[in-house]
2 protein chains.
Amino acid sequence: MARRGPRGGGPAKRDRILRAAIKIFSQKGFFNSKVSDIAQAAGVADGTIYLYFKNKDDLLISLFEEKMAEVVADVRERVAAGDGALSRLKIFIENHMGLLLREAGLIEVLQVELRQSNKFMKDYVPVKFLEYLDVISEILELGKREGTFRQDLNVTVARRAVFGALDEMALAYVLSRKRKYDPADAASEIYRLFAEGLCTTAQNREGRT
Amino acid sequence: MARRGPRGGGPAKRDRILRAAIKIFSQKGFFNSKVSDIAQAAGVADGTIYLYFKNKDDLLISLFEEKMAEVVADVRERVAAGDGALSRLKIFIENHMGLLLREAGLIEVLQVELRQSNKFMKDYVPVKFLEYLDVISEILELGKREGTFRQDLNVTVARRAVFGALDEMALAYVLSRKRKYDPADAASEIYRLFAEGLCTTAQNREGRT
DNA sequence: TCTAAATGAATGATGATTCATTCAAGGGGA
DNA sequence: TCCCCTTGAATGAATCATCATTCATTTAGA
């Protein structure tokens, strides 16, 4: 019963399909991808996909959740190695931008499809994505406890601001065919931006509300 | 020839269609919206839409460009009233979050559809969106000239970080049905975040790179 | 009456999903 | 060792609904 697949198939067939879906969705977008394209890319018959996934939507959602779970587990581990909130923040930011190179296809899918799905799939709650945001919260909370970050920092807003800044940079990278900037450089700029702010000196800051 | 429409139609029919499109797209998303839904919402026959727009894609793109043009012109005017870079930045941020209340439907469409279109409509360049980013650049450049902002600030990265943070907050607002936060509060938090950074004191900042 | 605008039914393509059929691995009997 | 069976996996052609788009016809202002 737990057969590996007659045609001596490689690793689990389900995973082949998931990989193929990432490839096709990242190239054409969810709505422009045909199930038969994915089947072909996976080297599988159209109908086979329905043995592993309920339907096309389920394929996309499984992809989100399963792959994001890996990303979250990975970043958690990396961040834990950092010493103090600033160091951890730096690691988080560098890791996020690094994903652009390590997991290009996945990121391209997340970038453009996650929003759609959040908004229009009636009952889909992006659990794993929220966990990713939680990692940021934890860093910010640590910073407050340590006294590194302002006590009046609004974590709910700040974590989204950090994520949003990263996400937008990643989007710019993904959209520009010419790859005109280096993700690592962008990462260090963004780190400074949050750590130091835009201003030159503390004086300027006091000047306004 | 420049008839107003037999049925004593209201303002320009084209505009009625554009408004209807915003409404329908914001509710269901581009791909799930039928042209006939839009026609119905506009009080117009299906075919009429094709008298004013080349096709469904063109309808979406016209919507982006024409409505964004209004938004850009408006924010430019408001920002110009600010005195100095920090004041202008504050106005920009407040205006962006304010759009959530003033132009809810439009923002919902932009939030989720602009990315898709950027990525998958082969030759669409979101000119008006880029102009919106330019408004941020201009503020940042001004800050550098004034000496308010760091001389080594990377404007290309920073403008996207600012936009990204705002966009993400707006998204969170649009997605949460419960409307759990006030856009105006979020605006002031984000302003402080960029103006002051995350840290408590200058000392902490110097500590790391 | 003439003309441009508007209509909306009909067309044609597309593509998700189904399901009757095929395939092949493992087991048991000779 | 060699052959059948049985069974679940896999297949992919056919189905069927869904729209975007067209265009012959109607409408009403000038």
Side-chain angles (χ1 to χ4, degrees), chain A residues 1-25 27-63 109 113 116-117 120-122 124, chain B residues 1-25 27-63 109 113 116-117 120-122 124:
Chain A
M1 38 195 69
R3 230 175 304 157
R4 206 66 57 69
R7 200 57 38 99
K13 193 157 291 191
R14 185 187 148 93
D15 203 60
R16 283 229 310 283
I17 295 171
L18 233 29
R19 280 183 217 289
I22 291 177
K23 183 174 166 208
I24 301 296
F25 288 158
Q27 284 168 4
K28 314 184 165 198
F30 179 75
F31 288 101
N32 296 315
S33 297
K34 298 181 235 176
V35 171
S36 60
D37 291 342
I38 295 169
Q40 186 169 46
V44 139
D46 296 12
T48 305
I49 289 181
Y50 291 85
L51 298 177
Y52 294 96
F53 301 94
K54 196 145 45 67
N55 53 37
K56 197 184 170 189
D57 285 5
D58 183 46
L59 182 51
L60 181 65
I61 289 180
S62 302
L63 185 166
V109 176
E113 309 300 339
Q116 285 270 354
S117 310
F120 301 113
M121 283 184 181
K122 24 204 159 291
Y124 169 55
Chain B
M1 40 192 70
R3 230 175 301 155
R4 207 64 57 73
R7 198 59 35 98
K13 194 157 292 195
R14 184 187 148 92
D15 203 60
R16 283 227 312 282
I17 295 171
L18 234 29
R19 279 183 218 290
I22 291 177
K23 182 174 167 211
I24 301 296
F25 287 157
Q27 283 167 3
K28 314 186 166 199
F30 180 75
F31 288 102
N32 297 314
S33 297
K34 298 180 237 176
V35 171
S36 61
D37 290 342
I38 296 168
Q40 186 170 45
V44 140
D46 297 11
T48 305
I49 289 181
Y50 291 85
L51 299 176
Y52 294 95
F53 302 94
K54 195 145 46 65
N55 52 38
K56 196 183 169 190
D57 284 5
D58 183 46
L59 181 52
L60 181 65
I61 288 181
S62 301
L63 185 165
V109 177
E113 309 300 339
Q116 285 270 355
S117 310
F120 302 112
M121 283 183 181
K122 20 201 161 293
Y124 168 55

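Throughout, a chain's letter reflects where its sequence line sits, starting with A, and its residues are numbered from 1. Since we're looking at a predicted model, the values are computed, not measured.
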Heavy atoms only: give me the nearest Asp58(A)-Phe53(A) pair and the separation to one decimal.
OD2-CA, 3.5 Å

Can you check the Asp58(B) CG to dT21(D) P distance for me, whole Å?
10 Å

Taking atom P of dA5(C) as reference, at what distance in whole Å does atom CD1 of Ile49(B) sit?
17 Å

Phe120(B) to Asn32(A) - nearest heavy-atom pair and separation
CB-ND2, 4.4 Å

Candidate pair Tyr124(B) and Asp57(B), rule side chain to side chain contact (heavy atoms under 4.5 Å, CB included), full reasoning
CA-CA 10 Å; Tyr124(B) 168 55; Asp57(B) 284 5; over 6 Å; no

Nearest whole Å is fine: how far is dT18(D) P from Asp37(B) CG?
13 Å

Which part of the nucleic acid, if any, lies within contact of Tyr52(B), taking any heavy atom under 4.0 Å across all strands shown: a base, the sugar-phosphate backbone alone, or nothing?
sugar-phosphate

What is the distance, to the nearest angstrom, from the NZ atom on Lys28(B) to the C1' atom on dC19(D)?
12 Å

Rounded to whole Å, CZ of Arg14(B) lies from P of dA6(C) at a distance of 13 Å

In Å, rounded to the nearest 0.5 Å, how long is the span from CD1 of Ile22(A) to CG of Leu63(A)?
4.5 Å

Which pair of heavy atoms, one from Ser62(A) and one from Arg14(A), lies closest together, and at what distance?
CB-NH2, 4.3 Å

The test is side chain to side chain contact (heavy atoms under 4.5 Å, CB included); show your working for Leu59(B) and Leu18(B) and say whether it passes.
CA-CA 7 Å; Leu59(B) 181 52; Leu18(B) 234 29; 3.9 Å; yes

Pairs: protein N or O with nucleotides 11-15 of chain C N or O, under 3.5 Å:
| residue | atom | partner | partner atom | Å |
| --- | --- | --- | --- | --- |
| dG15(C) | OP2 | Lys34(A) | NZ | 3.3 |

Which pairs, protein N/O on one side and nucleotides 11-15 of chain D N/O on the other, fall under 3.5 Å?
| residue | atom | partner | partner atom | Å |
| --- | --- | --- | --- | --- |
| dT11(D) | OP2 | Ala45(A) | N | 3.0 |
| dT11(D) | OP2 | Thr48(A) | OG1 | 2.3 |
| dG12(D) | N7 | Gly47(A) | N | 3.2 |

Measure from CZ on Arg16(A) to P on dA9(D) and round the result to the nearest Å.
16 Å

Ser33(B) side chain vs Gly29(B) backbone, donor-acceptor pair below 3.5 Å:
yes

I'd like to know whether NZ of Lys56(A) has more than 12 heavy-atom contacts from other residues, nucleotides or ligands below 6.0 angstrom.
yes

Check the distance between dA20(D)'s P and Ile24(B)'s CD1 and give it to me in whole angstrom.
12 Å

Figure out the CD1/C1' separation between Ile38(B) and dA20(D), and round it to whole Å.
11 Å

Whether Glu113(B) side chain and Phe30(B) backbone form a donor-acceptor pair below 3.5 Å:
yes

